[in-house]
Every structure is written in C-alpha cells, then in structure tokens.
Amino acid sequence: MYYQSTRSKIKASDVEAVLKGIADDGGLFVMSEESCRGFDWKGCLKLSSLGMAERILSALLPGFENMEELVNDAYSGKFETDDLTPLVPVGDKYVLELFRGPTSAFKDVALSMLPQLITAAHRQTGSPDETVILTATSGDTGKAALEGFHDVDGTRILVFYPENGVSPIQKAQMVTQSGSNVCVCAINGNFDDCQRGIKEAFAAINSGKLLKGRGMCLSSANSINIGRLAPQVVYYFIAYAKLVDSGRIKVGDIVDYTVPTGNFGDILAGYYAKLLGLPVGKLVCASNANRVLTDFINTGIYDRRREFMRTSSPSMDILVSSNLERMLYLSSDGSTDLVSDCMEKLSRDGVYTVDAKTLARIRSVFYAASADEEDTSWTIGKVWHDFGYLCDPHTAVAFCAAEQYERECGSASPMVILSTASPYKFPTPVLQAVGGNTDGDEFRQIESLNRLSGVPIPKNLSALENRAPLHTDVIERDNILQYILKQLGIREA
Ligand SMILES: *Cc1c(COP(=O)(O)O)cnc(C)c1O
C-alpha cells in the first residue's frame, strides 16, 4: 500500500511517509480510498479500545510490524481510563472526552502514538539518522509532542509557539519541559506565522540538503504527518461502540459527530473512519470567530485575507488550515492539479475557489457553523447550568455548532461532540462564563474553578506551578531557519 502526495505523482510507503512528514513537493501524503475498502468495521467494534487501535492502525499503516506492541507501549497506563476516551451523555447529546491523557488535550491520543511509529520506522528502515521533529503549535500540540518525544532515543524535538497566542497554562506546560533532546522557542507573531515559518524552514532544509551527511533527518509532529492523523480515527469507533454497547443504537445506525476544528486534522480522521465503513452521518465542522472554514464550506471560497482574531479557544485560531488540502484531494477524485492550483493561489493571492462539483461533494459530508466569543461563553454557562457539565471553550464552540446544525437539519441521529481539552487548561474564560471569581493568576483560578464545580483538577496541571521555566528564547519569524540550524549545530552555507 502506497501513500501519494496531494500535489504530484510522488509516492511513499506508509513507513517512509511517517518518517518524512511532508512530501518533497510540499504536498501532504494521503492514503487511497481503495485501501480503506473491505475493512471489517463491525468486527472492530467488539474489541477493547486498544484492540480497536491495533486493528485500525494496522489497516491504515500496514507496513508497520508489531502494531499491538506499539499500541500497548503508547497507551497502557498513560490515560486516566483504560478506554482512553470516555463518552458522557450531556442533555440529548454525547460528549467524547478526548482530554484524559498526560497533557489534558486531545493531541495526546495521537502524540502518544507518533513517537512509537517514528522509532519503529527507524528500526524497520535501518536508518542510522536521528529524527529531528519540527513542530509549530497553537498551544496543545507543543506540550503533547514534548511529552511524547522527550528522552526518546534517536529523536530530537524543536517546538515553536506564538509568544502571545497561547494561554499562560499552555505556555507553562511547554517552557517547563525537561529532557535532553528538547528545545522550545517563542515566535513574535501568531500561529499562522509559526506554521508558515516552520513549513518554509522545512522546505529550505530539504531543498538545500542541509542535513545531508550529518546523520539527521527532518519530520513533523503536526497533523500534516499521517502518523498523527491515523491514531485519531480510532476514537470515532470507540464512541460508536459505546453507543452500541449502551443500547442507544444498533450496529449500522448513523451517528453524527461535531468537531471543534482548526487545522482540519481531527475532523478529517472522522472522514477516514467513514471510508473504513463506520456509519458516520454528518461531520459538523465547528469554528470559532476565525471562521474561514465555515465560509469555505458554505461558499466554496477559501479566503484567508481577513483579520486574525485571538479568541478564548486559541488552539483553533488558524486561518490556513493544513489538512483541508487532503480533503480537496479526496473530493476531486485525486486531482493533484486542482490541489496544486488551489495551494498556489492560497499562498500567492490568499484566496481560492473550488468548482461546484467538488464543493457539493464536500458539503455532502460536512456541515459548517461557527461560534463567536459571546456564543462560546454563553454556551459554557448554559451547559454548566442546564446539565452540570463543565466544558472548555473549544468544546463549547462545538456544542454551539451542533445546536445550529440540529436547528437547521433536525436531529434524527445521536450527536457526538468531540471534547478536545480539559476546562482547567482555560480557567479564565470558563470561570467568566459560569459566573465564578477570576481573581489571581491562572493557578488561583484553577482552584476557584475546582471549588465552584467540584470537578477534579488534572494532576499534570496542578503540578506545573512549582516548576521553573527552562526555555526562554523568543525570536522573529524570519529567523526560524537560522535558529534551527544553530540548535542543530549547523552553520549555514
Ligand atoms: C488542536 C486542537 C483543536 C483543533 O484540532 P485540528 O485537528 O487542528 O482541527 C481543537 N481543540 C483543541 C483543544 C486543540 O488542541
């Protein structure tokens, strides 16, 4: 089974695709729709969460040996519950809690697995090189990747975050990270600046062959890496199996999912679950005030030329959504010409339009809605007061979008809302929304929120306060490449 670039005929095996992260033409690796056919999705539903992970990852990444062992090493004992992602009924909907891992964000599900895949890929290819992981983060990927990769032999990880674009808790999580192979640096700019800077550095290093003969190769922990995307398919199955087990649905019934979306990775994993056979109905794409995806799905015009808003759901403050490129490929019968053309226009003009047929295909699966800051805050308060469930701002954006969908299209099927972060990662907006006291710094606010709600504080967050910062570098976007080379001990030619 081969993976194919979205922009040209370049192909790679699954093992190579995980090691490289991004194709040499700048495109993203995609699996073919055919490779998803014939998957025994019904059989899969009967397994434990880890059993499902093994089965699904073996189907999507068949070139990896000993998947069972890799899955066990990734997850056993690392999450709060053995089922990895609990499903909680809230009102007439279901919240899929993806934040029960080591850093209290959904990125843990994929980033616990990715280091296993990368080290296995090294073993299997006999590559002597050290893998250098470059990561741009809007807050949660950075910490989850650091947690996954710190002190992993044969890897080194460099994380870049927007200096003023992450919450104080997210920042504290990253800058206190220990480990002999980690580097964390702030960029003066927003997440799009970080992401673009990293992509450009990637391209410059690869095209200039700057690591050649130095025993290093580059990879990415962002959701452009298929090793990041594939593990996210699993929890769509876990949620479905739980609805079957509880008697809410029969095997074969349709289930809708609402996904708080930034880079389109999480929701694309839902589309892959559907390709594998799972009866996924609508995938509701929920955006915050940076509603570039809402506008795209509703009009066919992707236009990033707009004001970048900083919101209370910073992990979705994104105007250039990387994984949409994969969806364009899948919705255009694999037209690398269409994808290259759109991506070129996006980078040159900041805007592109897709044809009516491609848009219709996208809209047959995805529904899009957005929540502004006021909607988000109101929703956190309402969900708390009506149902006694405390949700974080990202999850609230999804809740609000799910309600818009049901108002417009009805609610024939169960709705699963993907909850992507613990409310304790964003105590200020959550306290404001539920009418709590926001005095003091974020750690005091965590305590206030705990007193008010009685919801336990994740241990990894309460332990942060007494840790000293280890990483203090702040640089300009234009200096990312230089900085990376310096960290790797390379002088630019
Ligand atoms: C990353 C993140 C998202 C967005 O996920 P994408 O895969 O980028 O769409 C949503 N919520 C939280 C809390 C996140 O960390």
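From a predicted model like this one, the values you see are computed outputs, not experimental measurements. Both ligands and their constituent atoms are indexed starting at 1 by order of listing.
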Exercise. Verify whether the ring centers belonging to Phe426 and His394 lie closer than 6.0 Å.
Key: yes
Quiz item: Which pairs, with at least one residue in residues 94-108 and sequence neighbours excluded, count as a side-chain hydrogen bond (donor to acceptor under 3.5 Å, both in side chains)?
Solution: Glu80-Arg100, Tyr94-Arg248, Glu97-Arg100, Glu97-Tyr389, Thr103-Asp108, Ser104-Asn460
Quiz item: Is it true that the side chains of Asp317 and Asn288 contain a donor and an acceptor less than 3.5 Å apart?
Solution: yes
Side chains of residues 226-238: which donor-acceptor partners sit under 3.5 Å, not counting sequence neighbours?
unit_1: Arg228; atom_1: NH1; unit_2: Ala221; atom_2: O; d: 2.8
unit_1: Tyr235; atom_1: OH; unit_2: Asp266; atom_2: OD1; d: 2.4
unit_1: Tyr236; atom_1: OH; unit_2: Asp266; atom_2: O; d: 2.8

Exercise. Identify, chain by chain and in numerical order, each protein residue with a heavy atom under 4.0 Å from an atom of ligand 1.
Key: Phe106, Lys107, Asp140, Pro260, Thr261, Gly262, Asn263, Phe264, Gly265, Asp266, Ser315, Met316, His394, Thr420, Ala421
Self-check item: Residues which pass side-chain hydrogen bond (donor to acceptor under 3.5 Å, both in side chains) with Asn263, listed by chain and number, not counting sequence neighbours
Solution: Gln195, Ser322
Practice problem: Please check if any side-chain donor atom of Ser287 sits under 3.5 Å from a side-chain acceptor atom of Ser370, or the reverse. | Solution: no
